[in-house]
*Asks:* 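The structure's right below; bear with me while I get my questions together.
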Amino acid sequence: MADIRFPDGFLWGASTAAHQIEGNNVNSDWWQREHGHLPGAPVETPSGDAADSFHRYPEDMALLAGAGLNAYRFSIEWARIEPEQGFVSRAMIDHYRRMVDTARGLGLEPIVTLHHFTNPAWFAREGGWLTDASVDRFARFVEAALPILDDVDLVCTINEPNMVSVLADPAVGFPSIGLPPGVPHVTDRLVDAHKRAVELVRGAGSRAGWSIATQAYQAEPGAEQVAAEYGRSREDVFLDAASGDDWVGVQAYTRTKIGADGPLPIPDDAERTLTGWEYYPPAIGDGIRNSWARNGLPVYVTENGIATADDARRIDYTRGALGAVASAISDGIDVQGYLHWSALDNYEWGSFTPTFGLIGWDPRTFERLPKPSLGWLGEVARAGAVADG
Ligand code: IFM
């Protein structure tokens, strides 16, 4: 078999989210939930210091760049930028601006996410995305954050709005298997919030999109209508709402088989990852193809990866996923980048056990411990190709 080659200019990187790696995100709704100060499904472990990337981001970015990657996607934290309603911290704007400059200085294209699951605690206390005021609140935050985005090309407004819609109900924990349907009026608000943010971000000269959690809904023979119906509120409504954006982020980890009565259980003999999901590397190909069919926008794979303690399985998974990305490209789909989830082992919304990182770290000293998969992906990036074998 020949090497799998990717187009020139392809972005190769890794993604993270603020709450999952920064640590001490004390003014966020998640932190408050973790400590029982806000209602919500019980959280097994609090995020605490997480990976202390708030202070160690230069080292984290340097490891990615040193390995050969050319892009880094990270999120800015609304709860730090606006810790109290109406107070915008200039120090935090400067902090995130320094992150953009640091990435650029290292040769990493910064891709900035404005919202990745967490909200300020004050926003949650007034009802969060369940209230009509949420859209204006978010738009005001985006406006305040624009100085961070100066000369940033790619901005993701909201990460996985389909998950945000599910999580808007505080009684729902982070789902480990399957995705419940979103809350319809929250979905509508998220679409409005996205559109407002796109306008603001474009006005500042960046290209705007949002990132959708796709689930590779695969219909058993005869269950095509059931699968289409199942996917509509969970995925398609968000991919459709991307129409008119500059790009779309597609994220995938596993598949969901759909039978006549809905989702089917994972077969007992299937390999599972540490999140309990079926090991299924080609899932990202299904997501890319569904997105392309619905909105025709240039695609960036903004997340894809595997929770495993066996780094050889991470390499194997990523090799398989990149095969599916390459096959979509050879079918004429405009895929412009691949960002692995995740740069670091991180806080998987209630637990540190499912390790998704290319880089591990010592929980006592925070010493960074790059894994072989980082070197492997860096080589792929340098070569612009996945070597045969
Ligand atoms: O860790 C999450 C991330 O925050 C959003 N996408 C899926 C990842 C793995 O569950």
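Both ligands and their constituent atoms are indexed starting at 1 by order of listing.
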*Asks:* Say whether Trp277, considering both its backbone and side-chain N or O atoms, lies within less than 3.5 Å of an N or O atom on ligand 1.
*Replies:* no

*Asks:* Run the numbers for me: atoms of ligand 1, each under 4.0 Å from some heavy atom of Glu160, listed by number.
*Replies:* 5 (C), 6 (N), 7 (C)

*Asks:* Which pairs, with at least one residue in residues 296-321 and sequence neighbours excluded, count as a ring-ring contact (aromatic ring centres under 6.0 Å, His included)?
*Replies:* Trp247-Tyr300, Tyr279-Tyr317

*Asks:* Can you check which of Met163, Gln251, Glu348, His116 brings a heavy atom nearest to atom 3 (C) of ligand 1?
*Replies:* His116

*Asks:* Which side chain to side chain donor-acceptor pair (under 3.5 Å) pairs, counting each pair once, include a residue from residues 56-66, with sequence neighbours left out?
*Replies:* Asp52-Arg56, Ser53-Asp60, Asp60-Arg368

*Asks:* From the options Trp349, Tyr253, Phe117, select the one whose nearest heavy atom is closest to atom 8 (C) of ligand 1.
*Replies:* Tyr253

*Asks:* Any carboxylate oxygen within less than 4.0 angstrom of a Lys/Arg side-chain nitrogen, looking at Arg313 and Asp316?
*Replies:* yes

*Asks:* Would Arg33 count as a cation-pi partner of Trp30, with NZ or CZ less than 6.0 Å from the six-membered ring centre and within 45° of the ring normal?
*Replies:* yes

